[in-house]
There are 2 protein chains.
Amino acid sequence: MNLKELSQALELSQTTVSRALNGYPEVSAETRSRVEEMARKLGYAPNQQARRLATGRSMSIGHVIPRSLHEMMNPVFMEFIAGAGETYSRHGYDMIISVVEDHNVEAAYREIASKKKTDAVMVHGPRSSDERPALLKELGLPFLIHGRVPGLEHATSWIDVNNGRAFERATNLLLDLGHRRIALLNGLEDMDFAARRRAGFDKAHHDRGLQTIPELLRAADMTEPYGADSALEMLKSPEPPTAFMVSSMITAIGVARAIGLCGLKIGRDISVITHDDALSFLPNCGDVPIFTCTRSSVRDAGSRAAQLLIEKILPNPDTIVSEHLEAELIIGQSTGPLPTQA
Amino acid sequence: MNLKELSQALELSQTTVSRALNGYPEVSAETRSRVEEMARKLGYAPNQQARRLATGRSMSIGHVIPRSLHEMMNPVFMEFIAGAGETYSRHGYDMIISVVEDHNVEAAYREIASKKKTDAVMVHGPRSSDERPALLKELGLPFLIHGRVPGLEHATSWIDVNNGRAFERATNLLLDLGHRRIALLNGLEDMDFAARRRAGFDKAHHDRGLQTIPELLRAADMTEPYGADSALEMLKSPEPPTAFMVSSMITAIGVARAIGLCGLKIGRDISVITHDDALSFLPNCGDVPIFTCTRSSVRDAGSRAAQLLIEKILPNPDTIVSEHLEAELIIGQSTGPLPTQA
DNA sequence: TTGAAAGCGTTACCAT
DNA sequence: ATGGTAACGCTTTCAA
């Protein structure tokens, strides 16, 4: 069933039928309802490919995922996608995901642009130095960044958790509780989000005239063993930390495991604060969450990002929009005052 | 730069240029190389939408994700996607992901079919009773199932881990070690994979004339707290289990936490075997993995699934292909002989 | 308010 | 081996 057949069945021109279905104002109310009814009855749906060719819009948004990025960001990324995907659907957009090797990222974007595959792209996991914004501008491909690229805050559109402030507040909480030896298990610090968390951590210390402790600072892929091994090593050192700031729930679970292995109790002997992306399979809620955390739903971020891209950037590709999401600081069972020395 | 312009630059017809670029045999070698060079020089890339309209093929594969499914399967799903995505790219296919509410799944498939959005779809997370195969057949949409639908093993194409056999072997390992009170923390058993694991678990018992113990059998969303809370409750009961079979690494981490909270040592006091999907952010490898596990890379499954779909099913939609993936049984640190009663 | 017809950029059939 | 031309199914401009 295509437009031609539908219009023949209605004894109308394709033009009128098309207009009726696409909400053009000049078609009479009666004709429109007649058309709509017949379309429903005959199960007509416009062919996507034809419409795309005719309008020049693909009605889809691209997500290019460098393998290296998604390796560790998988769960976070997926949750973002889920949020974005729902919003796309509501607006009639498709989501096209390309998983590519790192050295093929540029080629993937060039292909999207030259073949007119998608109307815009979402950029994930910006690094402190990232070439994608420049490339996408050159290609004329509208885009929104989930995160920020330093120096391009005013030149690109983005949505980002206020990572610096979140970690500054969390660190201050620990400092207020009396902790002075605070470990930081961060993500890889060439990722912008990790760099900002580090900066927030540092700032909280410096503002009180305190120094961070180099032996207690780590940056790596945020796996569970990373948390466990790092914590184990630190806790067994001559001068162990009394608290941990951790960049991911998964790593925090590793830290908790290590604390248990040392025969210590989390929240009493050792405090832990983690960032919580509110992943559905790692719930950390309840009356008193297991982990004290800085929480920001990455799913909501995805949904909001999609909305900004579709409603603001697509209609006017030169618009610059940016949005900060504040993370909540939620007190759970994993923090407590510095234990008095035994 | 489109085909017309390119052919003008070459002083050839569009027909010939198109043929040269698409590898048709009847074009002379010299012409072909001339065309290819010019195309490269001028940066020509065929417009995707036009090609789709002309060929009637969308060159894309759809993944419809019911929200309820992805809620818990997120990380597993993402890893599958990553594997599939790479294979799609290599074959020039796009991956379209639709995240929809459960009650919109049927509508989503109907839309894909009627609007000719994708050439085929991948079906995720089949339930013991699943209406999707019937719907997709009705719609004439080629598909491959990741998993199986009972009763349709010979009527549909699928790729699946041999879940039953994996859990049977793992259970036998525990029984061989002397364990007789084995708990099962399964996924929701209306999911086919969970039902098969349960069956394997049961069979291992029954083959030795043993009974499973109802109080030690659970089925739920595979979160970390599910593992911790269930294990805690069971371990504190009058007749605690001596071993756990767990359906997911994440849940197993919860079990490990509970064991620690009880002051017990995993692998010595309590044995644990988990299924390990080989997720990149939950590595369980090394010389001696933390968890004894049944391991099967879901990423490889994705890659293989994509290959089957593109190479077997698309060229001939009536083909039925099915493939079993065997899970490895890997001995880690979390299993040991039944402790002698104190 | 409605319709005819010209694109949109390919591919594919039929000639030559 | 190459070219002319008709699809593909829709949107959109121009006329009426």
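Note that these values count all heavy atoms, side chains included, but never hydrogens, waters or copies made by symmetry. In what follows, chains carry the letters A, B, and so on, assigned in the order in which the sequence lines appear, proteins first and then strands, with residues in each chain numbered from 1.
In this structure, CZ of A/Arg51 is placed 18 Å from P of C/dG9, rounded to the nearest angstrom. One atom, CG of B/Asn22, and another, P of C/dG9, lie 17 Å apart when rounded to the nearest Å. In this structure, A/Arg19 atom CZ and C/dA5 atom C1' are separated by 13 Å, rounded to whole Å. For B/Glu30 and D/dT2, the CD to C1' distance is 13 Å, given to the nearest whole Å. Rounded to an integer number of Å, the gap from B/Leu3 CG to D/dG3 P is 12 Å. At whole-Å resolution of the value, CD in B/Gln14 and P in D/dA6 are 13 Å apart. To the nearest angstrom, P of D/dC10 lies 10 Å from CE of A/Met1. If you measure from atom CZ of B/Arg52 to atom P of D/dC8, you get 19 Å, rounded to the nearest angstrom.
Looking at the side chain of B/Tyr24, the nearest of the listed nucleotides C/dA12, D/dG9, D/dT2 is C/dA12. Residue A/Ser18 has its side chain nearest to D/dT11 when only D/dT13, C/dT10, D/dT11 are considered. In the set C/dG3, D/dG3, D/dA1, C/dG3 carries the atom at the smallest distance from any side-chain atom of A/Thr16. Between C/dT2, C/dT10, C/dC13, one nucleotide has an atom nearer to the side chain of A/Leu12 than all others, and that is C/dT2. The B/Pro46 side chain lies nearest to C/dT10 when the options are C/dT10, D/dG9, C/dG3. With D/dC8, D/dT11, C/dT11 as the choices, the nucleotide that has an atom nearest any side-chain atom of B/Leu53 turns out to be D/dC8. If you check D/dG3, C/dT10, C/dT2 against the side chain of A/Glu26, the one that comes closest is C/dT2. Among the nucleotides C/dT11, D/dG3, D/dC10, the one closest to the side chain of B/Thr55 is C/dT11. Out of D/dT12, D/dG9, C/dT11, the shortest distance to the side chain of A/Asn2 is found at D/dG9.
Classification of the B/Phe80-B/His146 ring pair by plane angle, with boundaries at 30° and 60°, yields parallel.
Between A/Leu21 and A/Leu6 there is a side-chain heavy-atom pair separated by less than 4.5 Å. Taking 4.5 Å as the limit, some side-chain heavy atom of B/Asn22 sits within range of a side-chain heavy atom of B/Arg51.
Neither OP1 nor OP2 of D/dG9 sits under 4.0 Å from any side-chain N or O of A/Tyr44. Between B/Thr15 and D/dG3, a side-chain N or O to OP1/OP2 separation shorter than 4.0 Å is absent. A sub-4.0 Å separation between OP1 or OP2 of C/dC8 and a side-chain N or O of B/Asn47 is absent.
The environment of CD in B/Glu30 is sparse: at most 12 heavy-atom neighbours from other residues, nucleotides or ligands sit within 6.0 Å. Within 6.0 Å of NZ on B/Lys312 lie no more than 12 heavy atoms contributed by other residues, nucleotides or ligands.
Nearest-nucleotide positions on DNA chain D place B/Ser28 closer to the 5' end than the other of B/Ser28 and A/Ala50.
Across all strands shown, B/Gln49 has no heavy atoms under 4.0 Å from either base or sugar-phosphate atoms.
For the pair B/Ser58 (side chain) and B/Lys117 (backbone), a donor-acceptor distance under 3.5 Å is present.
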